[in-house]
Protein chains: 2
Amino acid sequence: MARRELTQAITTEGRRQIAQHGADGLSLRAVARELGMASSALYRYFPSRDELLTALIIEGYTALGDAIETADARADRLGVTGRWLAMCRTARAWARQHPHEYALLYGSPVPGYRAPADTIDPAARIPLALLGPLRDGWRAGTVAGQHGVPLPAGLSGQLENVAGQVAPDVPPEVIGAAIRAWTQLFGLISFELFGHLVGSVDPADEFFEYEIVDIAGQLGLPAPSAT
Amino acid sequence: MARRELTQAITTEGRRQIAQHGADGLSLRAVARELGMASSALYRYFPSRDELLTALIIEGYTALGDAIETADARADRLGVTGRWLAMCRTARAWARQHPHEYALLYGSPVPGYRAPADTIDPAARIPLALLGPLRDGWRAGTVAGQHGVPLPAGLSGQLENVAGQVAPDVPPEVIGAAIRAWTQLFGLISFELFGHLVGSVDPADEFFEYEIVDIAGQLGLPAPSAT
DNA sequence: AGACATCGAGAGCAGCGCTCTCGTCACAGA
DNA sequence: TCTGTGACGAGAGCGCTGCTCTCGATGTCT
């Protein structure tokens, strides 16, 4: 089957182009040119440019998910807080190393509005991994229950629904805290990458460390043993 | 001076197109067509498509900044916490009413990497407005000093530098908390608008309320008197 | 051996950003 | 009043894009 190999060659070249020129710079003709084939032949493998983009989005989520899960596993002996910090640092590092791919995943949805069903599962791996330490800490009794504001009924239902799918024994407050931490982490990475911090804390290394430690505290994770 | 009017007609039509089809759907030729003129004539007013986009970005920041500042002023009698909540709700409402414009401001920077100097000042109005209640509360002694994690030296310098430009009497910890709240707010709005919350807390109204009240607590703002 | 599906190539369409040239018009100075 | 100058709009055109259609070649199954 040369088809699988050629399909992969196309996505590889596409990813190369996005890494260099961003999602807007992805041109089917240029990909075909680089692969030494006619542009029309490319449509045998991807019915449209958007489909190729979708494939690249899935690959991006997969790469980021792999990186985060690997970091989680490697930090296992550091405890739940160490795992959380390691995943945060890995996410930021991946984003800085692949800024255009990150923008493809977490920037504006490029064509009109998108949410192809195929991208949902790969995308969900990231928040699921981030939830890991919190879930384990909760089960081990090392994370606090938190926190001040009581959950309104509708939100509680939403969070219990999420919990039912991923960690039925974890109370909705903890799920809510995880979602907050998730949005906070990627909000910060996006702000740094997209240049919104330029006038303030722009070399954001220290601010990022400051933040993820603080979020760990919000999450009720125990104080870290070491870096 | 027909020049000013025509320039404005172009940006108005451009904004209309972006609102309908997103930033990618902005076409100089289509704008010219809609205005009944040759596409080449448009270059008398904007030297390139990117320049027109920059003008629209500035208009977007200005519109959002106006909305937030107005909300702040209107909530004056509600106290600092009420002002904070009002601005958060207004920011979210504006984003939901102008999703494509919001994506233009806070989504991926579209052409390569951008940060035209002209956009910085209009963009800075938003975090500055959000800082307002926190600054006033600090001066009135109604916000706590916070918080657990001590500031590393480099970050402290960055934050003092920011403080020196906008509120010299406010300590760096409070500036840091404001930046955190700012990234948290727009991180959440972006996640909602870009569809990342679809599987979890998707009708995000309650989660958003839950969040901004919690952030107010993190900021050390006093409990709100009323909604 | 013949029928069939798969694949690549080439031409072509409509659209895009942008450039260049040319005719028109208004206004300022002699 | 005549003339030079600058601003302006229109049109043609370049190279690029995504995408479609047709045609010939190749390989596989019956």
Side-chain angles (χ1 to χ4, degrees), chain A residues 1-59 100 103-104 108-114 116, chain B residues 1-59 100 103-104 108-114 116:
Chain A
M1 277 299 147
R3 181 169 182 90
R4 281 195 55 168
E5 297 163 17
L6 194 42
T7 305
Q8 197 175 13
I10 293 169
T11 60
T12 301
E13 174 59 24
R15 203 168 51 232
R16 208 186 58 80
Q17 288 196 15
I18 284 189
Q20 281 201 345
H21 312 107
D24 285 9
L26 174 65
S27 150
L28 286 188
R29 294 183 107 110
V31 170
R33 220 176 294 133
E34 209 68 26
L35 264 54
M37 58 195 297
S39 66
S40 54
L42 225 142
Y43 286 82
R44 302 278 183 195
Y45 301 88
F46 291 94
S48 74
R49 180 179 180 276
D50 276 12
E51 292 285 330
L52 175 54
L53 264 178
T54 301
L56 292 172
I57 289 175
I58 293 174
E59 281 192 14
H100 286 117
L104 187 65
S108 352
V110 275
Y113 270 114
R114 70 156 48 256
Chain B
M1 277 297 147
R3 180 167 185 91
R4 282 195 54 168
E5 297 163 17
L6 194 41
T7 305
Q8 198 176 12
I10 294 170
T11 59
T12 300
E13 173 60 23
R15 202 166 53 232
R16 207 185 59 79
Q17 288 197 14
I18 284 189
Q20 281 202 346
H21 311 106
D24 285 12
L26 175 65
S27 149
L28 287 188
R29 294 181 108 113
V31 170
R33 218 176 295 132
E34 209 68 25
L35 264 53
M37 58 195 295
S39 66
S40 55
L42 227 144
Y43 286 82
R44 303 277 182 195
Y45 301 87
F46 291 94
S48 75
R49 181 179 178 277
D50 276 14
E51 292 285 329
L52 175 55
L53 263 179
T54 301
L56 292 173
I57 289 174
I58 292 174
E59 280 191 15
H100 286 117
L104 186 64
S108 352
V110 274
Y113 271 114
R114 70 154 50 257

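Throughout, a chain's letter reflects where its sequence line sits, starting with A, and its residues are numbered from 1.
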So what does B/S27 hit on the nucleic acid, given a heavy-atom distance under 4.0 Å: a base, only sugar-phosphate, or nothing?
sugar-phosphate
Need one value for A/L35: base, sugar-phosphate or nothing, where a base atom within 4.0 Å counts as base even if backbone is also close, heavy atoms only.
nothing
I'd like to know if the side chain of A/S39 reaches the main chain of A/A32, judged simply by a donor and an acceptor atom lying under 3.5 Å from each other, with no hydrogens or angles considered.
no
Look only at the side chain of A/R49 and the backbone of A/L26, and say whether a donor-acceptor pair between them is shorter than 3.5 Å.
yes
Whole angstroms only, please: what is the [atom1]-[atom2] distance between [X] and [N]?
{"X": "A/R4", "N": "C/dC7", "atom1": "CZ", "atom2": "C1'", "answer": "19 Å"}
{"X": "A/Y43", "N": "D/dT20", "atom1": "OH", "atom2": "P", "answer": "7 Å"}
{"X": "B/R29", "N": "D/dG9", "atom1": "CZ", "atom2": "P", "answer": "17 Å"}
{"X": "B/F46", "N": "D/dG9", "atom1": "CZ", "atom2": "P", "answer": "13 Å"}
{"X": "A/D50", "N": "D/dC19", "atom1": "CG", "atom2": "C1'", "answer": "12 Å"}
{"X": "A/H21", "N": "D/dC16", "atom1": "NE2", "atom2": "P", "answer": "14 Å"}
{"X": "B/L52", "N": "C/dC18", "atom1": "CG", "atom2": "P", "answer": "10 Å"}
{"X": "B/L26", "N": "C/dC18", "atom1": "CG", "atom2": "C1'", "answer": "15 Å"}

With a 3.5 Å cut-off and just heavy-atom distances, do the side chain of A/S40 and the base of C/dG10 make a donor-acceptor pair?
yes
Counting only side-chain heavy atoms from C-beta out, which of D/dC8, C/dG10, C/dC16 sits nearest to B/R33?
C/dC16
In terms of side-chain heavy atoms of B/M37, which of D/dA10, C/dA11, C/dG8 is nearest?
D/dA10
Pairwise 5' ranking along DNA chain D for B/L42 and A/L28, keeping only the more 5' one
B/L42
Taking the nucleotide of DNA chain D with the closest heavy atom to each, which residue, A/A30 or A/R44, is nearer the 5' end?
A/A30
Would the number of heavy atoms belonging to other residues, nucleotides or ligands and lying under 6.0 Å from CD of A/Q20 be above 12?
yes
Are the side chains of B/F46 and B/T54 in contact, using a 4.5 Å heavy-atom criterion?
no
State, with a plain yes or no, whether a side-chain heavy atom of B/Q8 is found less than 4.5 Å away from one of B/T12.
yes
Which comes earlier along DNA chain C counting from the 5' end, the contact point of B/S39 or that of A/S39, where each point is its nearest nucleotide?
A/S39
